[in-house]
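Following: one structure in structure tokens, then a few remarks.
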Amino acid sequence: MSSEIDERSAMSSIEGEVFINQDSKMDRNIKKSFWSKERIALLAFSAVLSLAIIFGLIYRGSSKKKVERSKLLISEVKVGQFQEFIPLSGNVFPKTTFYLDLIQGGQIEKVYLEQGAQVKQGDLILKLSNAAFLLDATTRESQIFEQMSNLRNTRILMEQNTIARRGECIQIEAQLTEQKSAFNRLLLLHRQKLVSSQEFEQAENRLNELEKRFALSQLAFKQDSLFRENQLNQIEESMQRLKLNLEAVKSSVENLMVRAAMPGILTAITDQVGKAVVSGERVGQIDSEYAFKIRAPVDEYYISRVYEGQKAVATIEGNKIMLTLSKVFPEVRNGRFEVDFQFENTPAGIRRGQSIQIRLELGEQLQAVQIERGDFYQKTGGQWIYALSNDERTAKKRVIKIGRQNPDDFEILSGLSGGEKVVVAGYELCEDADELILND
């Protein structure tokens, strides 16, 4: 009994405490802990992720690669004169070429010189025949001669008319002089009343008539002289035109004879006797013998940087020959345009068609830091390069800035100094590592 009572008392005591605790909870707020399980798990995950990223970056930033030194091309950074230029390949051409294009067509009657012959100006090369043209030329020549003869006859008639006018004036002037003398004698006799008034008046009337006739003849002669002068000028102009036409006819006939217009070498000739050729057809070519030029194609990328007067250097049999750019052909074909160079001193032994290597200078020589060209540019875009340590056992990435360039070197604006050594080729073995360990 007593144990049951004690057990009930204990349970009542416990229930009372629980009841009291429940009542106390209703009286105050209980604060939750900051470090909940969820928050702790999230922070732990973030820390692990951050460590993984940092470790990856550290590992990547300090990546190293062992490379055999013999498989890399290592070059020393130089300081010296830098020249920007374009390498070109050109061919030798005659400086002057004259094409034998026919002015008059016909049939080749005779060829006087063979291909390769040396010619002087005026030498006869070939002769054409054209019967219809010669007949037409002869007819036109006859017509011109006839017109010239008519003009000469007209001029003769005008001169004869002038002579007749002048003779008439002289005759009237002589009559007037004689009448004046007779009138003066009659005037004295009339004053002495030795002649009748009727005779005196007749003499006076005759004198007045002759004076009027003389004045009229003088006026007619003057007007006739002016008209004759205009007519003679027109005749002279017509004669000059006819002479020019006659020369043109003779010249057209002479065009059947093909002659050398300049001294040189006959490098091409149509030697088929009997062949019919037409006006404008090319039957030959004469090239200057000792004067040459070089013609070379240039990439259109440089069209704005190439101009007449630029200097260039040609290499002929190991000798350097100075050239001057003499002409730029602006027409672009297949991504290229052409330029001509002239020799400052033509070398001996040069021949037509010879291939010559040229270095066209694009700017002045300037002192600059420079490195040898290599495949590093294709790999890095010229943004960085591997620079060797002092003991040359390692090479690390170095940021650089490239300026001008030529087929041999790059100009370095910043990032390298003279005397340093850099890896310029063999980057396909480096796998973009930050540091190379060079093995012998």
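Hydrogens, waters and symmetry mates play no part in the numbers below; they use all other heavy atoms, side chains included. Just so you know, residue 1 is the first one in the sequence shown, and it goes up from there.
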Can you list everything that forms a side chain to side chain donor-acceptor pair (under 3.5 Å) with N161? Sequence neighbours excluded, please. D224
Report yes if the side chains of [X] and [Y] come closer than 4.5 Å at any heavy-atom pair, otherwise no.
{"X": "M239", "Y": "R152", "result": "yes"}
{"X": "K293", "Y": "K327", "result": "no"}
{"X": "L72", "Y": "C430", "result": "yes"}
{"X": "L128", "Y": "V277", "result": "yes"}
{"X": "K65", "Y": "E435", "result": "no"}
{"X": "S238", "Y": "I235", "result": "no"}
{"X": "D123", "Y": "K120", "result": "yes"}
{"X": "L242", "Y": "L151", "result": "yes"}

Taking [X] for the side chain and [Y] for the main chain, is one N or O donor matched with an acceptor at less than 3.5 Å?
{"X": "S63", "Y": "D434", "value": "yes"}
{"X": "T315", "Y": "G318", "value": "no"}
{"X": "E420", "Y": "S417", "value": "yes"}
{"X": "R393", "Y": "L388", "value": "no"}
{"X": "Y427", "Y": "V423", "value": "yes"}
{"X": "S149", "Y": "F145", "value": "no"}
{"X": "T324", "Y": "G309", "value": "no"}
{"X": "D101", "Y": "V283", "value": "no"}
{"X": "Q107", "Y": "G274", "value": "yes"}
{"X": "Y386", "Y": "F376", "value": "no"}

Working for salt bridge (charged side-chain N to carboxylate O under 4.0 Å, His left out), residues K71 and E428: CA-CA 10 Å; K71 293 183 178 180; E428 68 279 359; over 6 Å; no
Does [X], at its [atom1] atom, have more than 12 non-hydrogen atoms belonging to other residues, nucleotides or ligands within less than 6.0 Å?
{"X": "N390", "atom1": "CG", "result": "no"}
{"X": "N345", "atom1": "CG", "result": "no"}
{"X": "K397", "atom1": "NZ", "result": "yes"}
{"X": "F221", "atom1": "CZ", "result": "yes"}
{"X": "Y290", "atom1": "OH", "result": "no"}

Run the salt-bridge test on [X] and [Y] with the 4.0 Å N-O cut-off and return the result as yes or no.
{"X": "R333", "Y": "E331", "value": "yes"}
{"X": "E392", "Y": "K421", "value": "yes"}
{"X": "K275", "Y": "E281", "value": "yes"}
{"X": "D136", "Y": "R140", "value": "yes"}
{"X": "D287", "Y": "R352", "value": "yes"}

Set of salt bridge (charged side-chain N to carboxylate O under 4.0 Å, His left out) partners for E237, sequence neighbours left out: none
Can you name the residues that form a salt bridge (charged side-chain N to carboxylate O under 4.0 Å, His left out) with E344, not counting sequence neighbours? K311
Taking every non-hydrogen atom, the tightest pair across [X] and [Y]:
{"X": "K320", "Y": "V313", "result": "CB-CG1, 3.8 Å"}
{"X": "A220", "Y": "R165", "result": "CB-NH1, 3.8 Å"}
{"X": "A387", "Y": "L416", "result": "CB-CD2, 4.5 Å"}
{"X": "T380", "Y": "W384", "result": "OG1-O, 3.0 Å"}
{"X": "D340", "Y": "R295", "result": "OD1-NE, 2.7 Å"}
{"X": "R336", "Y": "D299", "result": "NH1-N, 4.1 Å"}

Worked verdict on L325 versus V306 for side-chain contact (heavy atoms from CB on, under 4.5 Å): CA-CA 9 Å; L325 199 154; V306 175; 3.4 Å; yes
Going through the checks in order, is the salt bridge (charged side-chain N to carboxylate O under 4.0 Å, His left out) test met by E236 and R155? CA-CA 9 Å; E236 186 63 27; R155 185 162 55 189; 3.5 Å; yes
Look up atom [atom1] in [X] and atom [atom2] in [Y], then write down how far apart they are to the nearest 0.5 Å.
{"X": "N230", "Y": "L226", "atom1": "CG", "atom2": "CG", "answer": "7.0 Å"}
{"X": "Q405", "Y": "R373", "atom1": "CD", "atom2": "CZ", "answer": "4.5 Å"}
{"X": "S288", "Y": "F93", "atom1": "OG", "atom2": "CZ", "answer": "12.5 Å"}
{"X": "R404", "Y": "Q370", "atom1": "CZ", "atom2": "CD", "answer": "9.0 Å"}
{"X": "L124", "Y": "R259", "atom1": "CG", "atom2": "CZ", "answer": "5.0 Å"}
{"X": "I316", "Y": "I294", "atom1": "CD1", "atom2": "CD1", "answer": "5.5 Å"}

Would you please test Q81 and Q367 for side-chain hydrogen bond (donor to acceptor under 3.5 Å, both in side chains) and show each step? CA-CA 4 Å; Q81 294 293 324; Q367 193 81 358; 3.0 Å; yes
Given V298 and L88, is the side-chain contact (heavy atoms from CB on, under 4.5 Å) satisfied, shown in steps? CA-CA 7 Å; V298 183; L88 303 174; 3.9 Å; yes
Which one of L126, L102, N130 satisfies the side chain to side chain contact (heavy atoms under 4.5 Å, CB included) criterion with L256? N130
Could you walk me through whether F410 and Y377 pass the ring-ring contact (aromatic ring centres under 6.0 Å, His included) check? CA-CA 10 Å; F410 287 109; Y377 188 84; 5.0 Å; yes
Candidate pair V253 and E141, rule side-chain contact (heavy atoms from CB on, under 4.5 Å), full reasoning: CA-CA 11 Å; V253 174; E141 190 175 16; over 6 Å; no
Could you go through the side-chain contact (heavy atoms from CB on, under 4.5 Å) check for L360 and F85 one step at a time? CA-CA 5 Å; L360 175 61; F85 65 89; 5.9 Å; no
